[in-house]
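Residue numbers start at 1 and run along the sequence shown.
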Amino acid sequence: MQKIILNPWELSIEPLDYRETVQVPYTWNVCEQTQDYRGKARYTTKIKLTEEQRGRRLFLRFGAVYHSAAVFVNGRPAGEHRGSGYTPFEFEITDLIAFGQENEICVEADNQPSDRSLPNLKSFDWADDGGIIREASLVLYAPEEIKKVLITPEIDQIRKGTASGRLKLSVFYADGRRDGTAEAVLTEYRTGREVLRFSCAVHGNRAEAAFDGLQTWDFDHPNLYMLELRAGEYVFSQRFGVRKIEVSGRQILLNGESVFLTGCEWMPGSHPDYGMAEPLEHSIQCLRQLKESGCRFTRFHWQQDEKIMDWCDENGLLVQEEIPYWGAPGKVGPAETEIAKRQADEMVAAHYNHPSIIFWGVGNELNGYARQTIRYVDQMVRYFKAKDPTRLVNYVSNSLGYPGKRWHDEATLHGDIAMWNEYLGLWQPCRDIEKRLRATARKCKNRPLVITEFGLCEPHFSGGDERRCKILTSRLKLYREIENIRGYVWFSLNDYRTHVGESGSGRYRCRIHGSVDLYGAEKPSYRLLCAENAKTNQMK
């Protein structure tokens, strides 16, 4: 494989008569002149390929373009990606490239609100930055090369932090073949020590091999392995971890042991200088703050870049990655379900090998008592599990805590784990918070409940960080006492940019919801979060 990062690009926005040379990832919504623009823009770059590269299969690969992209090579359509602004995609352009001369690649990006995308129209609470917001590259393969491998460690037994079982492989070649042979070597990722060597016979894209004594992956011991497959003169490498996530009654089991998900959520794309195209260095700064706070678990409201997941793998941060179906339309129809399934396909294909992702999420705050929502959750749980039986699948509710006997069923009870955004006394009026908490936990019966959001949003609610600290300590005291609450997610690590923000304007429009500010500076509640998480981790 040969990978060529595509840069620079000429960005043009015709309605504003705007032209600029940029390095992608780049969003125009952080530029003073274009920060309020929602619509179409064109990114154009040029690349020259040599005659020696003829005979390879060429793929244009994008980490993400928000929210829709139409791609052209030398003026000819290469493909479109619509309905999903945060998942990776690629188009084969072998027949569109002219070798030995310059080729033009053009991407028409569009971030105007759409009812044919998830998120839908403006029904979401984060930034709607447009453009090529993640890496863009041209990838070249020899036809006989292995292009992708999905690795499933099927565990039979775990003892003292090591596992035995079988490695099941789904192998995909660049030329589409289904059968082949390869020599396989398995090494420890950090030390390079060889632990297993075997011949790999691929039949119908499938292969497998037995393993014994591989170290398991978890938040305290993020052990990783590298699998190398040599097919002829070409070597394909894929990193992975060995772990098992399951539910047993009210317990969440990681590698057979009960775990409590001490969590906090970071809202990416919030640095005003970079937006959704923020550099990896800033993302890692935020991820470190999560981990250093004692956080074992986080959720992402929308799909993240491969490099973010790599960091979570390496540092033992458990993740729920979600389809960004937030709030509306409350009546789920066939169009929304179709888009959700396409996104599920792209999520599984891109992130299957990341041990840090233990849950898939199918939506957030969609009127959980509506029959349409319940049907949607049932359908998407089945769909994800058919694609990926190794992970749990959940729906996040804001309505689970509604009082009254008539609420006899709720969509989050149709996932593997009940998940509830708990804002009692704030967004959700309540006179007796402890009584409502306990009653809501009882609704979940013999299943774990994770509080997936709690905190304070300013300036909508007064009291500042002092009140935020009081909410944190009072809630955690109750969460620790209620038996089937098996985790919580403080919302949020950071103040965050959002098109519905009550504070600021343009690229500074935000919600003051965090324990650090837009630039990562810590508030008193961050230090309190560190202390409270440490207390919870000792107890649980």
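- Checked options Asn394, Leu392, Val393; the residue passing with Phe384 is Val393 (criterion: side chain to side chain contact (heavy atoms under 4.5 Å, CB included)).
- Salt-bridge formation is not detected for the pair Glu228/Arg197: no Lys NZ or Arg NE/NH1/NH2 atom is positioned less than 4.0 Å from an Asp or Glu carboxylate oxygen.
- Aromatic ring pairs are classed by plane angle as parallel below 30°, tilted from 30° to 60° and perpendicular above 60°; the pair His351 and His354 is perpendicular.
- For the residue pair Arg206/Ser170, the side-chain donor-acceptor check at 3.5 Å is satisfied.
- A donor atom on one side chain and an acceptor atom on the other are found under 3.5 Å apart for Arg486 and Ser258.
- Using a 4.0 Å cut-off between charged nitrogen and carboxylate oxygen, Arg166 and Glu154 do not count as a salt-bridge pair.
- Salt bridge Glu458/Arg468: present, at least one basic N to carboxylate O contact under 4.0 Å.
- Side-chain contact check for Glu321 and Gln304: no donor-acceptor pair (N or O, by modelled atom type) lies under 3.5 Å.
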Next item on the list: For Tyr423 and Phe454, run ring pair (Phe, Tyr, Trp, His ring centres under 6.0 Å): C-alpha distance rounded to whole Å, both residues' side-chain angles, the deciding distance at 0.1 Å, then the answer.
Entry: CA-CA 6 Å; Tyr423 290 106; Phe454 72 109; 8.3 Å; no
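- Of the charged side-chain nitrogens involved, at least one lies within less than 4.0 Å of a carboxylate oxygen, so that Arg299 and Glu322 count as a salt-bridged pair.
- A salt bridge links Glu481 with Lys477: at least one charged nitrogen is closer than 4.0 Å to a carboxylate oxygen.
- Taking the charged nitrogens against the carboxylate oxygens, Arg239 and Asp310 do have a contact shorter than 4.0 Å, which makes a salt bridge.
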Checklist line | Steps toward side chain to side chain donor-acceptor pair (under 3.5 Å) verdict (Asn446, Asn484) | finding: CA-CA 8 Å; Asn446 191 37; Asn484 64 319; over 6 Å; no
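- Using modelled atom types, one side-chain atom of Thr452 and one backbone atom of Trp420 make a donor-acceptor pair closer than 3.5 Å.
- There is a side-chain donor-acceptor pair under 3.5 Å between Tyr496 and Asp125.
- Judged by distance alone, the side chain of Asp465 and the main-chain N or O of Ser525 form a donor-acceptor pair under 3.5 Å.
- Under the 4.0 Å criterion applied to side-chain N and carboxylate O atoms, Lys3 and Glu135 are assigned as salt-bridge partners.
- The existence of a salt bridge linking Arg447 and Asp416 is excluded, since no basic side-chain nitrogen approaches an acidic carboxylate oxygen closer than 4.0 Å.
- Atoms CE and CD1, on Met347 and Ile323 in that order, are 5.5 Å from each other to the nearest 0.5 Å.
- For the 3.5 Å distance criterion, the side chains of Asp128 and Asn29 fail to qualify, holding no donor opposite an acceptor.
- Ring to ring, Phe62 and Phe89 are close: their centroids are under 6.0 angstrom apart.
- With Gln251 contributing its side chain and Leu253 its backbone, the two residues share no donor-acceptor pair below 3.5 Å.
- The CE atom of Met309 sits 13.0 Å away from the CD atom of Glu314 when rounded to the nearest 0.5 Å.
- Of the N and O atoms on the side chains of Thr412 and Ser397, not one donor lies less than 3.5 Å from an acceptor on the other residue.
- Under a 4.0 Å N-O distance rule, the pair Asp345/Arg342 does not qualify as a salt bridge.
- Asp313 contributes a side-chain N or O that, together with a main-chain N or O of Ser356, makes up a donor-acceptor pair within less than 3.5 Å.
- Remark: of the listed residues Phe260, Phe219, Phe359, Trp490, Phe359 is the sole one forming a ring-ring contact (aromatic ring centres under 6.0 Å, His included) with Phe297.
- Taking CD of Gln215 as the reference point, atom CG of Asn255 lies at 11.5 Å (rounded to 0.5 Å).
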Checklist line | Full working for ring pair (Phe, Tyr, Trp, His ring centres under 6.0 Å) between Trp302 and Phe300 | finding: CA-CA 5 Å; Trp302 64 96; Phe300 291 119; 7.8 Å; no
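- A side-chain N or O of Asn533 and one of Tyr488 form a donor-acceptor pair less than 3.5 Å apart.
- Look at Glu183 and Arg230 and you find no salt bridge, because none of the NZ, NE, NH1 or NH2 atoms lies under 4.0 Å from a carboxylate O.
- Put simply, the side chain of Arg243 gets close to the backbone of Pro355: a donor and an acceptor are under 3.5 Å apart.
- Using a 4.0 Å cut-off between charged nitrogen and carboxylate oxygen, Glu422 and Arg475 count as a salt-bridge pair.
- In this pair, His271 and Tyr519 present their aromatic rings perpendicular. The plane angle is above 60°, beyond the 30 to 60° band.
- When ring centroids are compared, Tyr376 and Tyr325 come within the 6.0 Å threshold.
- Note on Asp495 versus Arg511: no salt bridge recorded, every NZ/NE/NH1/NH2 to OD/OE distance being 4.0 Å or above.
- Of the possible donor and acceptor atoms, one in the side chain of Lys540 sits under 3.5 Å from a partner among the backbone N and O of Arg480.
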